Every structure is written in C-alpha cells, then in structure tokens.
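One structure is given below, encoded as structure tokens.
Remember, it's a predicted structure, so these values are computed and weren't measured experimentally.
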Amino acid sequence: MLTVMLVDDEINVIEGLKVSVEWEKHGFGVVCTANSGEEGYRKAIEYKPDLVITDITMHKMDGFEMAEKIREKQPELSIIFLTCHQDFNFARKAVNLNIDEYLIKDTMTREEIYLALAKVKAGIEERWLKKKKTKELLIELNRNRCQLSEKLINELLKKELVDINSFERRLSIYNYNLSKQKYILSLLTIDRYINLLNSNMFNRDAELIQFAVLNVVEEILKKNDIGEVFPKSENNYVIIFNYTPNLKYSIDEKIAAVSKEIQSCIKEVIKTTCTIYIGAQVGSLYEIKHAYEEILILKNNRFYMQDGFLLSYSKRESRFTSIDFQYVNDLMKEFDRHLENRNIELLTHLEYIFFEKVKKETIFAADVKMVIERIVNSLNKYIEKNVLMYQPVILDSYLKQLSIIDSVYELNETFHSFLKNAVEVLNKNAAFTCTPEMKKILNYITENLQEEISLDTIAAFVNMNSSYFSRYFKSKTGGNFIDFLTSMRIEKAKELLAETNLSIEEISAMVGHVNKAYFTKVFKKVTGVNPGEFRRKRYTGMI
C-alpha cells in the first residue's frame, strides 16, 4: 500500500479528505498530516510518504516552497496540489516543479480525486518497474562480468600466454586497466566463509557475498589508483597491484597500507575478517602465473595461523611435512572401533590427538583435509547403514566446503561439530531400538517389507491398540509410524537400485508398492529424484 501525507492549514479540509476518500480501496493509506509548509517539510523527511497532497496558499512557507525543498531530498516523491486558482502562471509553475496533478479545492469531486490517485499510482508503479528492471539488468551485467573476468584471470594463472596484446585488449573490453610498468599479485580469501555463507546476513547466497567483496575492494583500489580485482573462485579473489615505480615512497608499504584498508572495510561492511597473501614484484603479465604459484605456498603458512593476517612472500617459509599413511590407516581403524561403540569421549580424544599432531608437525594442509575427508566418508557410511530413520548428518556439500576452509582451527571446530551431531544421532537410534517391542516391530517390518503394512496390522502384531501404538512409537522414535515405514521402504529401494539390475517395477513390488507410478512419486518426494535418475547418478558416481 502506498503512503500519503495531507498538508493544509485548514483543519476541516484535512479531516474532510481523511474521512470522505476511500484511501485503502484505491491502494493508499494516510500516514501523517501537517498544518503548515514547515511541518509538512519536516514530516516528509521523517515519514518519507509516496505521495504528498498539499494546499498551495499557506502562511510563511507555501506549497510551492515546501514542494521544492522536499524534492531536493526526495526527487521522486509524487505531489498533488490543492488550489483555489485556475490561472496560467500557477499551471506553468506546477509544470516546472514536475507536479503529478492539481485539483481545484472548491469544485473537486471524489471522482476527480480517484482519477488523480490512479494516475499517481500508475506513475509510481511504472517507476518501480523501471527501477526493478534496471536493478535486474545491473545484477545480470555484474554476473556476466564476474563470470567473464573469472574465466580471464584463471586463464592468466593457469596457461602460458601466447599473445599478450590480445589478452590486454580483452582486459580493456571488461574495463580492466593494467597498463603500468610493474605488478604485484595478491590473493584475498574470506575467513570463516562457511559461517558467513550460512549467516542471516547472506542466507547461503554466495553471489551476494562475491558482489559485496568486489565492491569493497574495487572502490579502494580505484581510490588509490593501484590495480584491479578479479573473482577467481567462490572464496578467492585475485588482486593485481599495478603501478609505476616511484622513489618518493616504498611500494611495499603502499600495498600493505591498501591491503590493511581493504581488511578494515571488509570487517566493517561484511562483518568478518579476511586474509590477504601478497606476492613478489614482477615486470610483465607473463610472470603472473609464477607469482601465483609462490602465493599458493604461502597458503600452507596460513593453515596454521589465526584469522585476519596479511602474509607476504618475504615472510620466511615454514617447513611442512607429509602425513604418514600407516598412521592414517591405524587412525581409521581406531576411529571405526570407537564409532561402533558410540563413545563420544574416545572419539573426541582421538580427534584431539590428531589435530595436536597436525599442528606440532605442521603437516601439509592438503594431507590434513584428505584424512578428514576419509573420516567423514566413513562416518556417513556407518550412519547410513546403522540408523533406521536415516537422514544425512554430514551433507555432501560439507566435503566440497573442505577445500574452502583455510585454517586448521576452523577445520577442527567444524569437524568436531559434525562428529558430535553424528554420535547424537547414533545414540538416539540405539535408544529407540533397544526395547523388546521395538526390536519386534523392526524385525517384522524388515521381513515383511514387500507386504501391505498398516498401523492397525503392526499394532495388532505387538498386542497394542492403534492409538496406544501410535503414541508409543512416536515416544521412541520422535516421528510417526507411516513416515518411518516410508523411510524404510525408500532406503531398501535405494539399496536395490544401486546393487541389483532388477527393474523399477520389480523393486517397487519388493518394497510394498504394487503401483509403480505411486512408488515413483513417493521416491521422488523423499529423495528429490525419480528411481531411474537415482540409479543413473549412482552408476556415474554423482550420488
């Protein structure tokens, strides 16, 4: 609904308009009123209405003066003048002020008011539509520019350039200017990126984070006339500092100052810290690829540092060691044994020992992530196999996020959280399967999955009435029986789809669905894909 402010020094005019006009029916609501031009100006700034309906002739500040002052602050505000005049000079001044409409006070009718409101509403909606289209166009242009510049920078970092002149022409097409004599490559990553992505501020919108980071960095680089920024991947941004050497100041100090300004602004705008890696000076774009390779070495140093650092190539490189694979195999066996017993204390202790070893020996980040990935996969398989009401605890997306985590501390915290959740799920599963009644129920379902099983059937089997059984089952599992039965059928169907060549119709019958079409519908509702798609994806390794 659009908002209206009424301004007139005659109280009865304001009250008459408020009462006699069906505002809501025509898409408007009176948000405030004013009895003078000065008051109208103050309230327009405070309430920011979409429309002002105002008298022209008022003491001290008339309607014209008030409209001019409001338009300075809110140029798109709609204005309707109320007047007792019908002369040419008034009409000319109203046109100069770009007034939407004017009404003759003494003779105006409701129909004239409604026509004026309809005209204003149409104008506002048209402006909104244009703004929306412009915004969508800018977003699309930004998206296209990001995709093209990401492709461009990855080409520069991964391939040997054959035609540097052609490459520089493509840079200029995308409005990048790297025409000065020297270059220093830098890499920026957002710390705690996974937490930021899941925050209320961004709500899993990676594109929005990217736009925010690029806007901050571009503005600072442009202000200092010292280079360009390119998105490289989801949480990596390449900054190419480009400059002409100047004996009056140290370029290293200048770049450090600009980098610290970037870190400060990102912390203020995006509410998180970032780490910046600064490479060595090179004399041409041909050398950028090698400068980037040096920066990747710096990232190993970062793995053992806290957030928000500024790391330079001049920093003495730490010595890193590779993981002992025999140790990894022994670790996996011990982990699986403790997992079988669902012993959170021993699992946590094992986790603690592993990460302490990693920090003490400064093991390569890639090796550490490889071990965690193996543990996560083992954990997922164990849960899928042993939890009857299976739901993924560690999502596939987490494995993809491992590559984004740059800190051993963040990796430790994230893994610990998932490990704790996994053990809680296993304990809950054990709690509701330990009673004789529940064991009897589960065995019956497993052995008769191909049969038609109802709430009444299973209740009679364990000598309970249906209502009591329903309450009992929910108290043990936390869910209702029909959902549990569906979950059991779908899990069995997934197993048969993955491990046999049986037709979908045969599998449908084996899990208690005589109607193949209904089975397909239920399967897709639970898994997100139909049985055929599930089988194809499992064969190709996509699931």
Side-chain angles (χ1 to χ4, degrees), residues 143 147 150-151 154 158 194 197-198 203-207 233-235 332 336 339 366 369-405 414-415 418 421-422 425-426 429 442 445-453 479-480 482-543:
R143 183 181 292 115
Q147 290 171 349
E150 184 175 322
K151 183 179 178 182
N154 281 308
K158 292 179 181 178
I194 297 170
L197 190 63
N198 293 327
N203 196 25
R204 302 200 64 77
D205 191 340
E207 195 174 73
S233 57
E234 186 172 348
N235 189 35
M332 292 302 301
D336 289 342
L339 186 61
K369 291 181 181 181
M370 176 272 295
V371 174
I372 294 300
E373 185 172 337
R374 281 188 63 181
I375 293 174
V376 166
N377 281 325
S378 177
L379 192 56
N380 257 344
K381 287 177 182 176
Y382 183 84
I383 292 172
E384 186 170 359
K385 181 180 177 182
N386 292 281
V387 175
L388 290 165
M389 297 187 75
Y390 171 70
Q391 288 182 332
V393 177
I394 301 178
L395 303 174
D396 291 341
S397 59
Y398 174 66
L399 296 176
K400 296 173 185 174
Q401 291 167 352
L402 283 176
S403 61
I404 298 173
I405 296 177
T414 307
F415 174 73
F418 279 104
N421 289 342
V425 168
L426 289 169
N429 181 72
L442 296 173
I445 294 172
T446 304
E447 292 171 5
N448 297 278
L449 206 56
Q450 74 279 7
E451 305 295 336
E452 184 178 339
I453 303 173
N480 67 59
I482 298 302
D483 288 343
F484 176 77
L485 180 61
T486 300
S487 175
M488 290 278 286
R489 293 191 194 281
I490 296 302
E491 287 306 313
K492 183 63 177 178
K494 286 163 67 176
E495 180 185 322
L496 293 169
L497 285 164
E499 298 176 5
T500 73
N501 292 320
L502 294 170
S503 69
I504 293 172
E505 191 168 2
E506 288 173 315
I507 292 172
S508 172
M510 290 176 71
V511 296
H513 287 284
V514 178
N515 187 315
K516 177 188 169 184
Y518 180 70
F519 165 69
T520 300
K521 181 180 178 181
V522 172
F523 190 94
K524 186 169 185 178
K525 182 179 179 182
V526 173
T527 66
V529 294
N530 64 44
E533 288 174 310
F534 177 87
R535 175 172 267 169
R536 283 193 297 275
K537 288 184 176 182
R538 184 57 72 93
Y539 281 157
T540 57
M542 294 175 66
I543 292 182

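Legend: residues meeting side-chain contact (heavy atoms from CB on, under 4.5 Å) with N448, ordered by chain and number and at least two apart, are Y444, E451, I453. E234 pairs by the side-chain contact (heavy atoms from CB on, under 4.5 Å) definition with Y193, L197, A206, I404, not counting sequence neighbours. Judged as a side chain to side chain donor-acceptor pair (under 3.5 Å), and not counting sequence neighbours, the contacts of D336 are S378. Residues satisfying the side-chain contact (heavy atoms from CB on, under 4.5 Å) test with M510, not counting sequence neighbours, are L496, L502. Listed by chain and residue number, nothing satisfies the salt bridge (Lys or Arg N to Asp or Glu O under 4.0 Å) test with E505 (two or more places apart in sequence, or in another chain). With sequence neighbours excluded, the residues forming a side chain to side chain donor-acceptor pair (under 3.5 Å) with E506 are S503, listed by chain and number.
R536 is listed as a side-chain neighbour of E533, based on a closest heavy-atom distance under 4.5 Å. Between I445 and F484 there is a side-chain heavy-atom pair separated by less than 4.5 Å. At a threshold of 4.5 Å between non-hydrogen side-chain atoms, the residues R535 and T500 count as touching.
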Counting only pairs under 3.5 Å, give me each side-chain donor-acceptor contact of residues 519-527, with atom names and distances, residues two or more places apart or in other chains.
unit_1 : atom_1 : unit_2 : atom_2 : d
T520   : OG1    : K516   : O      : 3.0
T527   : OG1    : F523   : O      : 2.7
T527   : OG1    : V529   : N      : 3.3
T527   : OG1    : V529   : O      : 2.9

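Taking NE2 from H513 and CD from Q450, the interatomic distance works out to 12.5 Å, rounded to the nearest 0.5 Å. Of the inter-residue distances, the one linking K492 atom NZ with T446 atom OG1 reads 8.5 Å to the nearest 0.5 angstrom. Atom CD1 of residue I375 and atom CZ of residue F415 lie 4.5 Å apart, to the nearest 0.5 angstrom.
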Checking side-chain contact (heavy atoms from CB on, under 4.5 Å) for the pair L497/I504: CA distance, chi angles, key distance, verdict? CA-CA 8 Å; L497 285 164; I504 293 172; 4.3 Å; yes
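For S487 (side chain) and D483 (main-chain N/O), no donor-acceptor pair under 3.5 Å exists by modelled atom type.
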